[in-house]
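As a basis for the values below, the full set of heavy atoms in this structure was taken, side chains included, without hydrogen atoms, waters or symmetry mates. Within every chain, numbering begins at 1; the chains are lettered A, B, ... in the order of the sequence lines, protein sequences first and strands thereafter.
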Amino acid sequence: MPQGDYIELHRKRHGYRPDFFERKRKKDAREVHKRSAFAQKALGIKGKMFAKKRYAEKATMKKTLAMHSERTNRHKIDQVEEGAVPAYLLDREETSRAKVLSNTIKQKRKEKAGKWEVPLPKVRPIAQDEMFRVIRSGKRKTKQWKRMVTKATFVGAGFTRKPPKYERFIRPMGLRFTKAHVTHPELKCTFNLEMIGVKKNPNGPMYTSLGVITKGTVIEVNVSELGLVTPAGKVVWGKYAQVTNNPENDGCINAVLLV
Amino acid sequence: MASLIGSSSPVNNIISVLADPEGRPLGSQLDLPQNAGPRELQTLINTLLHNEESLPYAFYIKDEELIGHLGAHLLEKKVSVEQVLQIVYQPQAVFKIRPVSRCSATIAGHSEAVLAVAFSPDSSCLASGSGDTTVRFWDLNTQTPLFTCTGHKSWVLCISWSPDGRQLVSGSKDGVIQIWDPVGGKAIGNPLIGHKKWITALAWEPAHLQAPCRRFASSSKDGDIRIWDVVTRKCVICLSGHTLAVTSIKWGGEGLIYSSSQDCTIKVWETTQGKLVRELKGHGHWVNTLALSTEYVLRTGPYDHTGTKYTSDEEIKKAALKRYNDSKRDFPERLVSGSDDFTMFLWEPASSKHPKARMTGHQQLVNHVYFSPDGRWVASASFDKSVKLWNGHTGEFVATFRGHVGPVYQISWSADSRLLLSGSKDSTLKVWDIRNRKLREDLPGHADEVFAVDWSPDGEKVASGGRDRVLKLWMS
């Protein structure tokens with residue numbers, strides 16, 4: 001390798017050698033054969049290093065060739081993407097939607113039969129001594145006919161207690177709830193919705209009539225916030241949901257919407 | 001008996017002056033009797049304006065329509081009689097359109113959501129574009145599919161009929177535009193390539209400026225507007241200036257193109273050389289939609305409710321020009337823009353670059369604004385589930401239509417400007433009565449979001465399409 005510019009200076013002053021270009025051309029032509037001979041004969045670490053370098057060269061060469069031949073290639077039509085939206089919705093990110101609402105007739109039939117496909121089919125049975133606590137009353141505190149509910153309850157907006165003297169079941173105000181955190185199973189988002197009533201408590205019809213809410217209870221919630229519409233065009237404002245936690249331990253009611 | 005009644009109650013006179021919708025008084029002050037009603041005022045107006053035939057008018061006192069007697073109206077609305085009463089008169093459409101109430105056909109055919117629906121200007125043909133990359137033509141007499149036009153490689157986002165009804169142009173998500181012939185259902189020529197991103201809107205040159213219709217403009221997400229010539233199938237002019245996506249374009253009757261963009265501006269271009277004439281600034285967020293006061297007339301070209309057919313281009317141009325001048329009278333062209341900043345502006349772009357009025361009231365972004373065919377009202381559909389009605393000349397708020405339970409996507413007017421149709425995400429369509437400002441008809445039936453609605457120019461049918469992949473035709 002020339003360490004200086006004397007070659008360039010000479011070329012500038014006197015021009016190239018007369019046979020320079022021909023010699024260069026021929027030398028370059030021989031390079032190919034020389035390289036190939038070296039590749040075949042080189043052994044040991046030298047050979048390995050050369051092979052690695054050569055492989056990388058070949059890979060990039062293949063890529064550029066493929067790129068150049070793209071123009072002549074005919075592509076198969078790509079699969080059309082799903083989820084077509086009109087132009088005014090294209091730049092907007094909307095949360096993924098649930099599928100179309102289920103038929104109301106089917107739901108009414110299920111209601112009549114009293115059976116639903118619920119996320120929690122079996123729940124732990126709750127004994128009466130766990131559900132109620134005995135309240136002693138009377139002058140000598142010997143009468144034991146009153147009971148206090150120890151689980152969460154729902155009473156409704158227009159609820160008025162019976163006269164305390166005749167009240168057998170006491171539902172303490174601290175355990176009364178009006179709202180539930182309802183999760184939509186497909187959208188996976190949770191809404192804080194008002195309850196309308198208790199539909200069925202799996203532990204028994206007495207608990208249903210009292211309005212006791214335990215794990216597995218089916219409650220009815222007000223879904224007018226969600227803006228759901230039935231195929232007939234009516235606005236849906238009440239839907240069933242099943243409670244998934246123990247409200248008396250957590251202090252809130254978590255439920256999953258039954259769609 | 002009659003004389004007894006006449007003499008029992010003294011009839012008071014009210015000093016009033018008749019004014020046109022812009023506020024200019026017609027003649028001098030008049031002394032009108034208290035028991036004058038709309039009919040008497042109508043005969044008065046017709047004689048004052050020297051109309052050959054008695055045309056129907058509606059009368060408004062302080063934006064409240066006069067229905068009964070003048071006296072009763074004033075008592076009810078507690079309007080003072082001490083000042084000169086200004087009665088604004090508005091000409092009404094001679095024909096009356098019945099509201100649609102039933103779904104006459106549900107036509108399946110598309111395999112993906114229907115994204116755009118459009119009736120031809122003479123209401124003879126219906127076209128729809130969908131996410132399955134096809135454009136389909138539908139036969140209105142038998143309510144079945146007519147042609148399926150393949151050719152696009154991506155979702156067909158917008159379609160637009162030429163004002164003479166001879167061509168349909170469609171734009172897709174990969175920026176390609178294709179021209180179709182509705183008679184045979186075949187493509188006219190090769191697809192037009194030029195845009196780099198998806199097409200957001202298409203607008204034809206009005207028929208009264210040039211017939212047969214040759215030029216149309218397209219806007220795209222890449223910020224360009226291109227004017228194409230159908231005959232040479234080339235892009236004639238490229239108007240670049242917007243920095244972000246162009247969301248909507250309209251070709252005005254005076255040969256100006258209005259374009260709205262996500263860079264919060266509206267630009268006005270002239271079409272011979274492609275120069276920027278004006279820039280209208282004012283919005284604080286993306287401008288989603290534009291509406292022109294003459295839009296409906298320009299879209300329908302020479303065709304009107306009488307249903308006459310035209311054969312030669314001269315006739316088309318003349319008829320279109322006549323209709324345009326009739327609807328415009330001497331009011332300048334007005335433009336309303338709706339934006340993501342929950343407000344709309346009323347502009348008069350030919351005269352100034354400052355807005356005439358700011359229309360606030362919506363609580364969510366405004367998705368679609370549309371002028372009524374006679375230019376009196378502007379309706380706006382918003383994601384806050386309401387449709388609002390505004391005065392088309394002054395921009396004052398008139399009424400809100402509530403009823404939808406999901407964002408309202410698109411609206412469409414009936415040809416006589418008395419009924420308004422809205423389609424929403426909650427899968428219902430609703431027909432609103434402008435006179436009573438109430439819900440007229442509720443049209444449920446779609447199984448999923450309604451993306452596109454259109455009312456045919458002859459007022460007989462409504463077509464709607466959405467995510468449930470069927471096209472529904474509604475009739476009265």
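Of all the heavy atoms in W155(B) and V85(A), the pair that sits closest is CZ3-N, 3.7 Å. Scanning all heavy atoms of the two residues, the minimum distance from A87(A) to I199(B) falls at CB-O, 4.5 Å.
Among residues 108-118 of chain B, the residues having any heavy atom closer than 4.5 Å to a heavy atom of chain A are, in sequence order, E112(B), A113(B), L115(B).
Neither the backbone nor the side chain of T247(B) comes within contact range of chain A; no heavy atoms are under 4.5 Å apart. Neither the backbone nor the side chain of D174(B) comes within contact range of chain A, judged by heavy atoms closer than 4.5 Å. For D426(B), the parts lying under 4.5 angstrom from a heavy atom of chain A are both the backbone and the side chain. Neither the backbone nor the side chain of S154(B) comes within contact range of chain A; no heavy atoms are under 4.5 Å apart. Heavy atoms closer than 4.5 Å to chain A are found in the side chain of L365(B), but not in its backbone.
F216(B) meets the side chain to side chain contact (heavy atoms under 4.5 Å, CB included) test with V169(B), I177(B), L192(B), L202(B), W204(B), W228(B), V230(B); sequence neighbours excluded. Y207(A) is linked by a ring pair (Phe, Tyr, Trp, His ring centres under 6.0 Å) to F132(A), counting only residues two or more places apart in sequence or in another chain. Not counting sequence neighbours, the partners of R54(A) by the salt bridge (charged side-chain N to carboxylate O under 4.0 Å, His left out) test are E57(A).
Considering only heavy atoms from C-beta on, D340(B) comes within 4.5 Å of R92(A) through its side chain.
A distance of 12.0 Å separates NZ of K197(B) from CG of L90(A), quoted to the nearest 0.5 Å.
Among W286(B), Y409(B), W198(B), the one residue that satisfies the ring pair (Phe, Tyr, Trp, His ring centres under 6.0 Å) test with Y88(A) is Y409(B).
Around the CZ atom of R168(A), the shell of radius 6.0 Å holds no more than 12 heavy atoms that belong to other residues, nucleotides or ligands. By the 6.0 Å contact criterion, CD on E82(A) is open, its count of non-hydrogen atoms from other residues, nucleotides or ligands being 12 or less.
Looking only at heavy-atom pairs under 4.5 Å with chain A, the residue among H446(B), H404(B), K385(B), K221(B) that has the most is K221(B).
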